[in-house]
There are 2 protein chains.
Amino acid sequence: MEQNIIVSVDVVLFTLSEGQLKIVLLRRERDPYAGQLALPGGYIHADKDRDSLASAERVLLNKTGLVSPYLEQLYTFSGGVRDPRGWSLSVAYYALVHESLLVPDAELRFELWPVAAVPDLPFDHNRIVDHAAKRLRDKSTYTSLPCHLLPELFTLTELQQTYEHILGVALDKSVFRRKLPELDFLEAVPDAIRQGKHRPAQLYRLRPDRRLTIFDKPV
Amino acid sequence: MEQNIIVSVDVVLFTLSEGQLKIVLLRRERDPYAGQLALPGGYIHADKDRDSLASAERVLLNKTGLVSPYLEQLYTFSGGVRDPRGWSLSVAYYALVHESLLVPDAELRFELWPVAAVPDLPFDHNRIVDHAAKRLRDKSTYTSLPCHLLPELFTLTELQQTYEHILGVALDKSVFRRKLPELDFLEAVPDAIRQGKHRPAQLYRLRPDRRLTIFDKPV
DNA sequence: GTTTGTTAGTTTCATATTACCACTAACAAA
DNA sequence: TTTGTTAGTGGTAATATGAAACTAACAAAC
């Protein structure tokens with residue numbers, strides 16, 4: 001049986017840079033749309049990919065050098081008009097990394113674009129980006145997701161600012177800090193202190209067994 | 001380019017029957033697993049389906065006779081081991097209907113099985129069912145989703161009981177009723193009253209422009 | 001040393017929200 | 001008229017929240 005469906009994955013890779021939520025775009029090497037900015041993506045290879053998650057991991061590794069960032073399936077986009085080559089289906093993923101892991105490389109020439117000012121993209125990639133940004137915002141209101149945009153160790157103030165950047169609202173410091181202990185997804189790192197010209201701050205990390213904690217109320 | 005990937009859709013169709021959450025299963029007409037109970041599903045037809053949602057609608061219509069129930073994409077399952085025919089990808093959907101729309105038919109021989117006691121299913125269909133049940137429960141805590149398991153007109157007590165059945169917890173009547181008006185997704189139907197051997201109850205319906213309302217706090 | 005600036009982190013308290021339970025309302029049937 | 005049953009509302013103590021003031025700990029300036 002011949003279905004004639006092009007099956008691929010696309011990844012929306014988020015990071016926080018200069019206080020803005022940004023995504024990774026790269027110039028397509030091949031037609032269609034060669035030379036244009038687009039999401040990292042590629043065909044699913046039935047012979048070497050265990051499943052579509054493995055395809056997304058492979059795409060991320062090949063195109064950005066990332067090994068195992070937070071990566072989650074977003075939505076599947078499909079239809080006859082989204083790709084000029086024919087009826088296609090793309091399993092979209094989104095990923096979160098701290099900026100420092102996005103090392104510029106002569107080989108891998110990716111660009112960071114603010115989510116608020118993404119250029120026109122080929123295929124239905126703008127729709128995918130919008131969908132991913134909405135998911136990130138929605139899910140950040142009631143989960144520990146924003147932790148994955150931070151470095152391994154971070155202060156509570158940095159975490160609060162990350163929530164604020166994603167959600168676009170100011171949070172109350174006192175309320176934020178009262179909630180954290182009972183949500184129980186962070187651990188203070190002994191002797192790890194962020195210094196500055198002011199009172200030093202305790203550093204925390206995500207508990208290794210808690211990649212994603214779901215709250216029963218919004219932050 | 002030949003990818004050799006089997007692309008299909010599967011649908012988890014929920015209904016509330018005898019106070020239990022149940023799903024529709026049907027006996028497969030073809031191999032593999034002919035004669036076994038499985039989820040309604042089928043190939044995506046690139047020539048006639050606009051997108052995978054249209055495929056899911058077609059499958060629902062052909063296998064259950066349903067026209068336009070609440071239908072939403074769930075997750076995409078893929079890999080080389082889930083289908084004996086080879087590397088496959090299935091876009092799973094879930095749907096909600098009131099029991100009365102599931103009319104038994106000599107042609108369409110589907111069965112209702114309680115979510116709590118689903119038999120062993122072929123492919124990874126048990127995993128899909130678990131995923132769908134979790135989504136339904138999670139999403140019901142903070143949206144108007146459960147309305148779609150009710151008939152067009154229903155009482156507030158029936159709505160509360162629907163939430164309670166899905167969530168598995170008892171809700172406070174007074175709190176429940178105080179919240180509803182400000183969430184603003186219901187409308188009282190004038191002169192529509194449910195009678196009984198007791199005080200009659202006002203009937204409500206989902207506002208036509210509000211298929212799914214997302215709450216900012218859990219019910 | 002002492003002061004100043006800055007950010008970390010806690011406490012206070014008035015107000016808003018919630019959980020719990022009691023109450024009243026309206027019908028049918030006895 | 002009474003009883004049973006479910007519909008629908010109100011009151012209150014406990015809890016959570018939001019806003020702000022407060023204390024803590026450092027570096028740098030003086």
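Sequence lines set the chain letters: A, B, ... in the order given, protein chains first and strands last, and positions in each chain run from 1. Atom set for the values below is all heavy atoms of this structure, side chains included, hydrogens, waters and symmetry mates excluded. This one's a predicted model, so the numbers in the text were calculated from it and none came from an experiment.
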S.K.: Over how many whole Å does the gap from D172(B) atom CG to dT12(D) atom P extend?
M.R.: 17 Å
S.K.: Any donor and acceptor pair, going by atom type alone, linking the side chain of Q73(B) with main-chain N or O of L53(B) inside 3.5 Å?
M.R.: no
S.K.: What about R178(B), does its side chain sit under 3.5 Å from the base of dG11(D) through a donor-acceptor pair?
M.R.: yes
S.K.: With a 4.0 Å cut-off on heavy atoms, is Q195(B) in touch with a base, just the backbone sugar-phosphate, or nothing at all?
M.R.: nothing
S.K.: Between dG8(D) and R177(B), is there an OP1 or OP2 to side-chain N/O distance shorter than 4.0 Å?
M.R.: yes
S.K.: Between atom CD of E158(B) and atom SG of C147(B), what is the distance when rounded to the nearest 0.5 Å?
M.R.: 11.5 Å
S.K.: Measure from the side chain of V175(A), starting at C-beta and using heavy atoms only, and say which of dT17(D), dA7(D), dC20(C) lies closest.
M.R.: dT17(D)
S.K.: Does the N126(B) side chain pair with the main chain of P119(B), one donor and one acceptor, at a distance under 3.5 Å?
M.R.: yes
S.K.: Under 4.0 angstrom, heavy atoms only, what part of the nucleic acid is K217(B) near: base, sugar-phosphate, or nothing?
M.R.: sugar-phosphate
S.K.: Take atom CZ of R194(B) and atom P of dA25(C), then tell me their distance rounded to the nearest Å.
M.R.: 24 Å
S.K.: Over how many whole Å does the gap from K173(A) atom NZ to dT7(C) atom C1' extend?
M.R.: 7 Å
S.K.: Specify the separation, in whole Å, of atom CG of L203(A) and atom C1' of dG9(C).
M.R.: 14 Å
S.K.: Please tell me which of H198(B) and Y204(B) maps to the more 5' nucleotide of DNA chain D, matching each residue to the nucleotide holding its nearest heavy atom.
M.R.: H198(B)
S.K.: Which nucleotide, if any, forms a Watson-Crick or G-U wobble pair with dA28(C), using both distances under 3.5 Å?
M.R.: dT3(D)
S.K.: Looking at the base of dT17(D), is there any donor atom on it, or on the side chain of S174(A), that sits under 3.5 Å from an acceptor on the other one?
M.R.: no
S.K.: How long is the line joining CD of Q160(B) and C1' of dG8(D), in whole Å?
M.R.: 11 Å
S.K.: Is the closest side-chain heavy-atom distance between L159(A) and Y204(A) below 4.5 Å?
M.R.: no
S.K.: dG9(C) P sits how many Å from F154(A) CZ, rounded?
M.R.: 13 Å
S.K.: OP1 or OP2 of dA29(D) versus the side-chain N and O atoms of K197(A): is any pair under 4.0 Å?
M.R.: no
S.K.: Figure out the CG/C1' separation between L171(A) and dA16(D), and round it to whole Å.
M.R.: 16 Å
S.K.: Is any NZ, NE, NH1 or NH2 atom of the basic residue among K139(B) and E72(B) found under 4.0 Å from an Asp or Glu carboxylate oxygen of the other?
M.R.: yes
S.K.: Taking the nucleotide of DNA chain D with the closest heavy atom to each, which residue, R199(A) or K179(A), is nearer the 5' end?
M.R.: K179(A)
S.K.: For F215(A) and dA16(D), give me the distance from atom CZ to atom P, rounded to whole Å.
M.R.: 16 Å
S.K.: Does the side chain of T157(A) get closer than 4.0 angstrom to OP1 or OP2 of dA8(C) through an N or O atom?
M.R.: yes
